[in-house]
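These notes are about the structure you will find just below.
Sequence positions, counted from 1, serve as the residue numbers for this chain.
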Amino acid sequence: MIKMIEEVNSFLKTFKDQGHILPLIQHAELRISLSTTEQQSVQLVIKNGEIFALYESQQDQAICQIHGGLQELKQLLEGKERLRVLQRNGVLNVKGALRTVLLLESLFYLTKAQTNLAEII
């Protein structure tokens, strides 16, 4: 469980550091359940222009569910691979409305750490 928490916390920190993504969630209200094959789960909550994690919550309240291996979820949270590519490859199961899935794909992909940009600035 600790590894999943570390990955989600790292994603949240990176997300909050990149202000250009915040307008995407300004009017969104979502609960996303992330669960691993190792029975670890976390919910991401997007509400009132903010994003935060719930570590002890009920999965049935989520409107979108993403399930897969820890490595694949790590790739998703780090923005190294797109959500629908991982879904198409069969390594992640995604349940949710297409519009929600596309928004999440954008959020995860745009949040990837931009280490080379720090060198330019």
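- Between the NZ atom in Lys95 and the NE2 atom in His67 there is a gap of 9.0 Å [rounded to 0.5 Å].
- Listed by chain and residue number, Glu78 satisfy the side-chain hydrogen bond (donor to acceptor under 3.5 Å, both in side chains) test with Lys80 (two or more places apart in sequence, or in another chain).
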Exercise for the section: Go through Leu73 and Phe11 one step at a time and tell me if the side-chain contact (heavy atoms from CB on, under 4.5 Å) criterion holds. Expected result: CA-CA 11 Å; Leu73 286 171; Phe11 166 76; over 6 Å; no
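- A search for salt bridge (Lys or Arg N to Asp or Glu O under 4.0 Å) contacts involving Arg82 returns Glu105, not counting sequence neighbours.
- A search for side-chain hydrogen bond (donor to acceptor under 3.5 Å, both in side chains) contacts involving Asn9 returns Tyr55, not counting sequence neighbours.
- Residues forming a salt bridge (Lys or Arg N to Asp or Glu O under 4.0 Å) with Lys16 (at least two apart in sequence, or on another chain): none.
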Exercise for the section: Would you check, one step at a time, whether the test side-chain contact (heavy atoms from CB on, under 4.5 Å) holds for Leu24 with Leu110? Expected result: CA-CA 10 Å; Leu24 291 174; Leu110 291 172; 3.8 Å; yes
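- Evaluation of the salt bridge (Lys or Arg N to Asp or Glu O under 4.0 Å) test over residues 17-27, restricted to residues two or more places apart or in two chains, returns Lys13-Asp17.
- Screening Leu34, Val85, Leu83 against Leu92 for a side chain to side chain contact (heavy atoms under 4.5 Å, CB included) leaves a single residue, Leu83.
- Checked by atom type and distance alone, the side chain of Ser10 never pairs as donor or acceptor with a backbone atom of Glu6 at under 3.5 Å.
- Within the model, atoms CD1 of Ile63 and OG1 of Thr100 stand 4.5 Å from one another, a figure rounded to the nearest 0.5 Å.
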Practice task
Let me see the working for Phe108 and Ile66 under side-chain contact (heavy atoms from CB on, under 4.5 Å), right down to the final yes or no.
Solution key: CA-CA 13 Å; Phe108 291 131; Ile66 302 171; 4.2 Å; yes
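- With a 4.5 Å cut-off on side-chain heavy atoms, Leu103 and Leu30 count as touching.
- Taking 4.5 Å as the limit, every side-chain heavy atom of Leu86 sits out of range of all side-chain heavy atoms of Val94.
- Scanning all heavy atoms of the two residues, the minimum distance from Gly69 to Thr37 falls at CA-OG1, 3.9 Å.
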Practice task
With side-chain contact (heavy atoms from CB on, under 4.5 Å) as the test, would you mind laying out the steps for Leu12 and Leu44 before giving the verdict?
Solution key: CA-CA 9 Å; Leu12 291 173; Leu44 291 177; 4.1 Å; yes
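- At a threshold of 4.5 Å between non-hydrogen side-chain atoms, the residues Leu54 and Arg31 count as touching.
- Across every non-hydrogen atom of Ser35 and Met4, the tightest pair is N-CE, 4.3 Å.
- To the nearest 0.5 Å, the span separating OH on Tyr109 from CG on Leu76 amounts to 12.0 Å.
- His20 NE2: more than 12 foreign heavy atoms inside a 6.0 Å radius.
- For Leu22, the side chain to side chain contact (heavy atoms under 4.5 Å, CB included) criterion is met by Phe15, Ile25, not counting sequence neighbours.
- For Asn93, there are no side-chain hydrogen bond (donor to acceptor under 3.5 Å, both in side chains) partners at least two apart in sequence or on another chain.
- With rounding to the nearest 0.5 angstrom, the CD atom of Glu72 is 8.5 Å from the CG atom of Leu70.
- Leu98 shares a hydrophobic cluster with Leu102; the chain of contacts runs through ILVMFWY side chains whose heavy atoms sit under 4.5 Å apart.
- Not counting sequence neighbours, the partners of Glu38 by the side-chain hydrogen bond (donor to acceptor under 3.5 Å, both in side chains) test are Thr36.
- A distance of 14.5 Å separates CD of Glu81 from NZ of Lys74, quoted to the nearest 0.5 Å.
- Minimum heavy-atom separation, Val42 to Ala53: CG1-CB, 4.0 Å.
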